[in-house]
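Residue numbering restarts at 1 for every chain, and letters A, B, ... go by the order of the sequence lines. All figures in this text were calculated on a predicted structure; none of them were measured in a lab.
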Protein chains: 2
Amino acid sequence: MSETAGRVGGGMLAHRVPDLGALELLLAVARLGSLGAAAREVGISQPAASSRIRSMERQLGVALVDRSPRGSRLTDAGALVTDWARRVVEAAEAFDAGAQALRDRRDSRLRVAASMTIAEYLLPGWLLALRAQRPDTAVSLLAGNSTAVAERLLADEADLGFVEGLTVPPGLDSTVIAHDRLIVVVAPAHPWARRRRPLAAAELAATPLILRERGSGTRQVLDAALGGLARPLIELSSTTAVKASAVGGAGPAVLSELAVGEELAMRRLVSIPVEGAALRRDLRAVWPTGHRPTGPARELLSLTRG
Amino acid sequence: MSETAGRVGGGMLAHRVPDLGALELLLAVARLGSLGAAAREVGISQPAASSRIRSMERQLGVALVDRSPRGSRLTDAGALVTDWARRVVEAAEAFDAGAQALRDRRDSRLRVAASMTIAEYLLPGWLLALRAQRPDTAVSLLAGNSTAVAERLLADEADLGFVEGLTVPPGLDSTVIAHDRLIVVVAPAHPWARRRRPLAAAELAATPLILRERGSGTRQVLDAALGGLARPLIELSSTTAVKASAVGGAGPAVLSELAVGEELAMRRLVSIPVEGAALRRDLRAVWPTGHRPTGPARELLSLTRG
DNA sequence: TCTCGCTCATAAGACCAGCTTATGCCCTCA
DNA sequence: TGAGGGCATAAGCTGGTCTTATGAGCGAGA
């Protein structure tokens with residue numbers, strides 16, 4: 001009854017989950033062992049913290065902290081809730097780091113241009129790490145395809161770029177910073193999910209697939225690996241749409257492994273091994289030939305290596 | 001203290017990140033292509049949605065949607081923001097699924113008992129998947145060590161358990177549902193981060209390590225793998241504390257790979273390969289001997305297999 | 001033993017963000 | 001040329017969260 005429509009919990013999440021301020025406060029309580037100290041840390045008064053924690057406990061229906069005249073410690077349930085809360089806050093921190101870079105446009109000391117996949121999945125983490133090292137480095141971010149990244153760099157409108165294509169655009173130097181693999185995924189109900197032997201490349205090429213549109217980095221790599229022959233079942237213009245379609249059982253999809261970590265872990269999708277196709281691709285940092293990254297750009301680059 | 005560098009404006013996150021309701025609304029706009037439709041979906045009026053999106057744009061300093069008399073589409077920046085928002089919302093959904101299970105105690109159709117690591121990192125995802133399949137299954141969760149899990153099951157206070165120890169408690173049947181590895185991690189500044197060859201087991205045994213307390217599942221596996229000889233540098237009572245200590249550079253730590261995915265991806269920690277020690281462990285579902293899981297328990301079990 | 005210092009709880013009032021309803025304009029399509 | 005869907009603006013209400021002021025429990029040191 002709590003869920004009116006088909007979407008499980010669609011839209012009512014905010015009423016069931018404490019807001020970010022409350023979750024942050026809870027983390028502070030866990031770390032500092034006192035409501036008052038936590039209140040000071042997040043910049044509110046002690047009664048405000050007390051009442052906020054209390055209303056969180058009311059909302060969740062669970063006691064989270066054991067209060068005593070000598071401080072407050074988490075209950076067992078509270079420890080668990082705090083761990084889950086930490087994930088939410090970390091996601092919010094990544095959001096913040098990304099959003100901040102999106103805003104700054106002008107007057108930023110480090111201007112980054114990145115391909116969509118990298119901007120989506122990796123950059124927020126890098127920006128957080130950079131912020132930890134150099135808190136006052138203002139970063140601006142522009143996301144686009146390889147061509148757009150190259151244009152920005154060559155027009156001196158960006159200091160450092162990240163691309164995921166097969167080739168490095170002319171006029172740029174690069175270094176490989178990580179690898180990515182394209183993987184074939186299906187919904188757990190799909191017959192392929194029960195295969196015992198890897199898929200042959202020819203078989204993959206012969207099967208209509210849910211794909212990104214022609215011209216996307218993902219599509220390029222796939223076409224190259226199969227010899228230019230990938231057959232589209234549906235063509236969609238965002239990774240998210242492809243994922244949703246695959247989860248919904250429309251058919252097999254080919255996606256970056258970066259994009260489907262969560263779905264694989266939750267078994268909403270199953271990965272099918274493929275044999276005989278080079279689905280690995282390099283992720284590269286790029287910069288105008290001869291202009292080795294220096295200063296903040298060098299710093300960020302060193303964070304991405306490993 | 002341990003966080004001096006990392007915490008940039010610690011506690012002001014809630015002022016810089018839109019609240020969960022706004023993020024959910026944005027996802028709905030992205031999916032439905034219209035502010036009004038999104039408003040209907042999340043159960044608010046169209047002007048409310050309009051104003052909420054607008055104030056989010058003001059807060060982030062970026063235009064998120066292109067409004068037209070025929071609907072609203074995301075801008076490029078909006079698409080990126082939406083992808084980051086999705087991660088926050090997904091983390092919040094996992095929080096919700098977990099919290100709901102923590103609350104229900106009584107009158108739940110499926111009572112689960114799980115070890116801490118599993119409850120922390122895996123169970124919320126499983127519960128979400130279960131909820132997607134069987135929206136009206138009320139689940140209750142109790143987290144504790146292997147012994148506590150066994151007690152609950154044998155006292156018929158739980159229907160299904162999950163443990164991560166080396167041995168299956170007596171009186172229980174089990175099946176392996178996944179594997180976990182303990183890994184050695186250090187801060188990037190630690191000398192080991194620059195090693196080129198794997199660490200020998202003997203070397204690991206000889207080095208004082210940041211560890212969970214004696215009696216924890218993690219510690220048991222490590223002691224067994226090293227022959228009962230792990231030397232503690234510090235003993236801490238939660239995975240989180242161990243992680244924080246290692247990130248702070250206190251020394252090498254041994255942790256489940258489940259616990260450090262994020263930290264490795266962001267290079268706050270570096271994983272050191274180890275040679276000659278069996279650091280793999282099984283994660284198992286358990287139930288009272290002879291009472292094979294049925295109904296919702298069977299359903300949940302089938303979600304965890306792969 | 002008294003008192004200081006820390007803890008948390010309660011009470012009363014201010015404030016603001018977000019909601020609703022009512023309305024208007026723009027555009028497209030039949 | 002209306003009908004209908006899309007979005008924006010305006011005015012007023014409400015509720016949650018903040019603040020300050022205060023009280024009460026417990027422990028450590030003079």
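A donor-acceptor pair under 3.5 Å is absent between the side-chain atoms of B:Ser245 and the main chain of B:Ala250, judged by distance alone. A side-chain donor-acceptor contact under 3.5 Å links B:Lys243 to the backbone of B:Ala259. A donor-acceptor pair is defined here as one N or O able to donate and one able to accept, closer than 3.5 Å; no such pair exists between the side chain of A:Glu41 and the backbone of A:Gly36.
More than 12 heavy atoms of other residues, nucleotides or ligands lie within 6.0 Å of CZ in B:Arg67, so this atom counts as buried by the packing criterion.
Side-chain N/O atoms of A:Ser45 include none lying less than 4.0 angstrom from OP1 or OP2 on D:dC18.
Counting only heavy atoms from C-beta outward, the side chains of B:Leu60 and A:Leu102 never approach each other to under 4.5 Å. Proximity of A:Ile118 to A:Ser115: side-chain heavy atoms (C-beta onward) are separated by under 4.5 Å at one or more points.
Rounded to a whole Å, the CG atom of B:Asp66 is 12 Å from the P atom of D:dC7. Rounded to an integer number of Å, the gap from B:Ile53 CD1 to C:dC19 P is 11 Å. Across the protein-nucleic acid pair, B:Ile44 atom CD1 and C:dT20 atom P stand 6 Å apart, rounded to whole Å. In this entry the distance linking CG of B:Leu25 with P of C:dG18 reads 11 Å, nearest Å.
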Scoring nucleotides 1-17 of chain C by protein non-hydrogen atoms under 4.0 Å (B base, S sugar-phosphate only, - none) yields ------SBBB-------
